[in-house]
Amino acid sequence: MSILPAKSQVVIIGSGIIGAAIAYYLTQKGLRDVAVLEAGEIGAQGATSACLGGLRTQFSTAINIRFSLISREVFRSFKDEFGVDLNFKPYGYLFLAKTEEQWAAVENTSNLMETLDLPVELLTPRAMARRWPFIRVDDLVGGSYTKDDGFYGPIEALQAFVKKARQGGALFLERNPVVGFSISDQKAMGVKTQSGHEIKADIVVNAAGPWAGEVAALAGLALPVAPLKRHLFFTAPFDAIPDAFPVIIDMDSGCYLKREGRGLILGGPTGERSFSQNVDFNAEERTAFESIRRVPVLEQARMVRGWAGHYEVTPDHHAVIGAFPELTNFICATGFSGHGFQHSPATGKIVAELIVDGRAETEDIHPLRPTRFRENDLIHEPMTAFRS
Ligand SMILES: Cc1cc2nc3c(=O)[nH]c(=O)nc-3n(C[C@H](O)[C@H](O)[C@H](O)COP(=O)(O)OP(=O)(O)OC[C@H]3O[C@@H](n4cnc5c(N)ncnc54)[C@H](O)[C@@H]3O)c2cc1C
């Protein structure tokens with residue numbers, strides 16, 4: 001176990017992709033005195049370890065789209081900045097709408113994207129059947145397709161952020177769960193670890209992913225971020241459909257399908273709000289049923305492995321970035337609700353600005369403030385890759 005410092009200007013809780021990106025951008029701004037406390041080991045647990053690395057521009061709110069665009073700039077020049085190839089797979093994203101309500105969400109999204117000059121195609125069922133004849137379309141109202149979206153290597157990105165942040169002076173302290181805080185005058189003065197150590201801090205960042213609600217509760221704050229279990233299943237090599245096709249998100253079932261090497265990944269149903277990692281038999285059966293219903297030729301596919309990860313979800317499926325007035329130096333950066341990988345560079349930049357410059361220049365983050373829940377000022381995002 002590493003020797004813990006007595007004081008650090010910034011203590012970040014969690015070394016998933018969000019904590020690591022924040023640490024990196026802080027060091028880029030010249031702030032070297034950063035300690036990242038991680039309960040487990042870097043990349044070994046948490047949402048980032050289960051992540052597929054997708055980045056899309058199809059969101060129903062301008063702020064979610066902006067976060068994707070800011071991050072996409074970083075991912076596109078990642079090799080120059082970090083010397084690491086994230087191996088982009090330009091598969092595109094296809095959302096399928098079955099009900100009028102889903103279609104309205106898709107249309108609103110496409111209208112918003114057009115005002116932002118972003119390419120998106122609204123497709124009739126017949127147009128989709130022509131392009132991707134393996135999809136069953138007779139029960140659909142339509143779909144929306146973005147060809148420039150795709151997938152990056154999430155663990156490669158995480159490792160690159162960590163490596164560069166370390167080079168900039170940040171300490172990553174693994175196997176050090178945070179178990180409490182010392183609080184005085186509406187400030188978190190220090191962070192207590194399980195080993196009985198306390199690190200004094202000027203600023204504390206809660207980047208604890210699916211655990212962020214629990215970590216906030218340790219500081220006496222009610223932050224509605226909960227773990228939402230998601231099943232994924234991997235098939236044996238499957239060549240009855242083309243090698244390259246968009247990730248297909250069935251908005252009605254909440255299931256999705258994407259190419260992964262010679263096989264496929266089938267995104268199954270979401271389950272209970274818990275940290276259980278068990279793969280449920282029912283989830284496997286339901287994934288097979290929904291996948292075959294949408295892509296009938298999958299009847300010939302064989303599932304070889306299943307696993308479960310956890311999204312860190314908020315009630316409106318938008319992130320939480322900022323501090324509560326009752327604990328002004330405790331910055332939350334969490335609640336990405338399935339989009340945290342693709343929004344990590346934007347979040348890293350913005351939180352570093354908040355800490356070093358006192359305000360976020362890159363984007364107005366007022367809509368993401370943690371108090372919006374108790375103020376009942378939510379900004380709902382219906383374009384998710386799951387149903388909760
Ligand atoms: C199956 C699946 C697929 C996904 N696919 C995509 C995708 O394609 N595109 C996309 O953008 N997003 C995707 N996501 C979402 C994305 O993975 C998350 O939004 C993102 O990884 C969140 O990162 P994080 O750093 O906030 O959380 P995490 O990666 O969970 O990191 C939090 C860290 O905090 C640590 N921690 C917790 N409590 C404490 C404590 N008390 N003390 C110290 N450390 C603590 C944990 O050990 C953990 O390492 C997916 C998620 C899942 C589950």
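Any value given below was found using the heavy atoms of this structure, including those in side chains, with hydrogens, waters and symmetry copies removed. Numbering of ligands and ligand atoms starts at 1, following listing order. Just so it is clear, the model here is predicted, and its values are computed rather than measured.
At the shortest separation from atom 50 (C) of ligand 1 among protein heavy atoms lies Tyr311 CE2, 3.6 Å. Here the protein heavy atom with the shortest distance to atom 30 (O) of ligand 1 is Ala47 N, 2.7 Å. Nearest protein neighbour of atom 35 (C) of ligand 1, counting heavy atoms only, is Glu38 OE1, 3.4 Å. Nearest protein heavy-atom contact of atom 53 (C) of ligand 1 is His310 N, 3.4 Å. Residue, atom and distance of the protein heavy atom nearest to atom 16 (C) of ligand 1 are Phe341 N, 3.8 Å. With hydrogens left out, the protein atom closest to atom 13 (C) of ligand 1 is Gly338 O, 3.3 Å, a heavy atom. If you check which protein heavy atom lies closest to atom 2 (C) of ligand 1, you get Ala50 O, 3.6 Å. In terms of protein heavy-atom proximity, atom 31 (O) of ligand 1 is nearest to Gly16 CA, 3.4 Å.
If you number the atoms of ligand 1 from 1 as listed, the ones under 4.0 Å from a heavy atom of Ala208 come out as 32 (C), 34 (O), 37 (C), 38 (N). Those atoms of ligand 1 that come under 4.0 Å of a heavy atom in Gly53, given as number and element, are 7 (C), 8 (O). Under a 4.0 Å criterion applied to the non-hydrogen atoms of Gln342, ligand 1 contributes the atoms 9 (N), 10 (C), 11 (O). The Cys51 neighbourhood of ligand 1 comprises atoms 3 (C), 4 (C), 5 (N), 6 (C), 7 (C), 12 (N), 13 (C), 14 (N), 17 (O), 50 (C), with distances under 4.0 Å to a heavy atom of that residue. Contact atoms of ligand 1 toward Val215: 41 (N) (distance under 4.0 Å to a heavy atom of the residue). Counting atoms of ligand 1 from 1 in the listed order, those under 4.0 Å from a heavy atom of Gly14 are 33 (C), 34 (O), 35 (C), 44 (N). Close approach of ligand 1 to Trp211 (heavy-atom distance below 4.0 Å) involves ligand atoms 30 (O), 37 (C), 38 (N), 46 (C), 48 (C). Each of the atoms 32 (C), 34 (O) of ligand 1 lies under 4.0 Å from some heavy atom of Ala207.
In this view, Pro119 and Asp148 satisfy the side-chain contact (heavy atoms from CB on, under 4.5 Å) rule, not counting sequence neighbours.
Figure legend: cation-pi geometry between Arg56 and Phe59, with NZ or CZ positioned under 6.0 Å from the six-membered ring centre and within 45° of its axis. For Lys163 and Phe82, the positive end is not near the middle of the six-membered ring at less than 6.0 Å and at most 45° from its axis.
Residue contacts with ligand 1, taken as heavy atom pairs separated by less than 4.0 Å, involve Ile18 via backbone and side-chain atoms alike.
Here's the thing with Val178: one of its N/O atoms is less than 3.5 angstrom from an N/O atom of ligand 1. Some N or O of Glu312 is nearer than 3.5 Å to an N or O of ligand 1, by distance alone. For ligand 1, none of its N or O atoms has an N or O atom of Pro177 under 3.5 Å away. Of the polar atoms of Thr48, at least one N or O is found under 3.5 Å from an N or O of ligand 1, judged by distance alone. In terms of N/O distances under 3.5 Å, ligand 1 is approached by Ala39. In terms of polar-atom proximity, defined here as any N/O pair under 3.5 Å, Ile17 does make such a contact with ligand 1. Polar contact with ligand 1: present for Gln45 (N/O pair, distance under 3.5 Å). On a distance-only criterion, Gly340 and ligand 1 share at least one N/O pair closer than 3.5 Å. Ligand 1 has an N or O atom lying under 3.5 Å from an N or O atom of Leu52, backbone or side chain. Any N or O atom pair closer than 3.5 Å counts here, and Pro210 shares no such pair with ligand 1.
Below 30°, between 30° and 60°, or above 60°: for Phe336 and His343 the angle between ring planes is above 60°, a perpendicular geometry.
Remark: the backbone N or O of Ile379 is paired with a side-chain donor or acceptor of Asp316 at under 3.5 angstrom.
Aromatic pair Trp132/Tyr145: centroids less than 6.0 angstrom apart. Outside the 6.0 Å centre-distance limit, the rings of Phe88 and Phe75 are not counted as a close aromatic pair. Two rings, from Trp307 and Phe233, have their centers 6.0 Å or more apart. Taking the six-membered ring wherever Trp is involved, the centroid distance between the rings of Phe134 and Phe245 falls below 6.0 Å.
Using a cut-off of 4.0 Å between Lys/Arg side-chain N and Asp/Glu carboxylate O, Glu121 and Lys147 are scored as not salt-bridged. Salt bridge status for Arg372 with Glu375: absent, with no side-chain N to carboxylate O gap under 4.0 Å.
Under the salt bridge (charged side-chain N to carboxylate O under 4.0 Å, His left out) criterion, the residue pairs touching residues 31-54 are Glu41-Arg175, with sequence neighbours excluded.
Within 6.0 Å of atom CZ in Arg374, more than 12 heavy atoms from other residues, nucleotides or ligands are found, so the atom counts as buried in its surroundings. The environment of Lys187 atom NZ is sparse: at most 12 non-hydrogen atoms of other residues, nucleotides or ligands sit within 6.0 angstrom.
Contact check for Arg262 versus Asp243: side-chain heavy atoms found under the 4.5 Å cut-off.
Closest to atom 8 (O) of ligand 1 by heavy atom, among Gly54, Ala212, Gly209, Ser15, is Gly54.
In this structure, the separation between CD on Gln342 and CD1 on Ile17 is 11.5 Å, given to the nearest 0.5 Å. The distance from the NZ atom of Lys349 to the CG atom of Leu26 is 13.0 Å, given to the nearest 0.5 Å.
Heavy-atom distances between Leu232 and ligand 1 reach below 4.0 Å in at least one pair.
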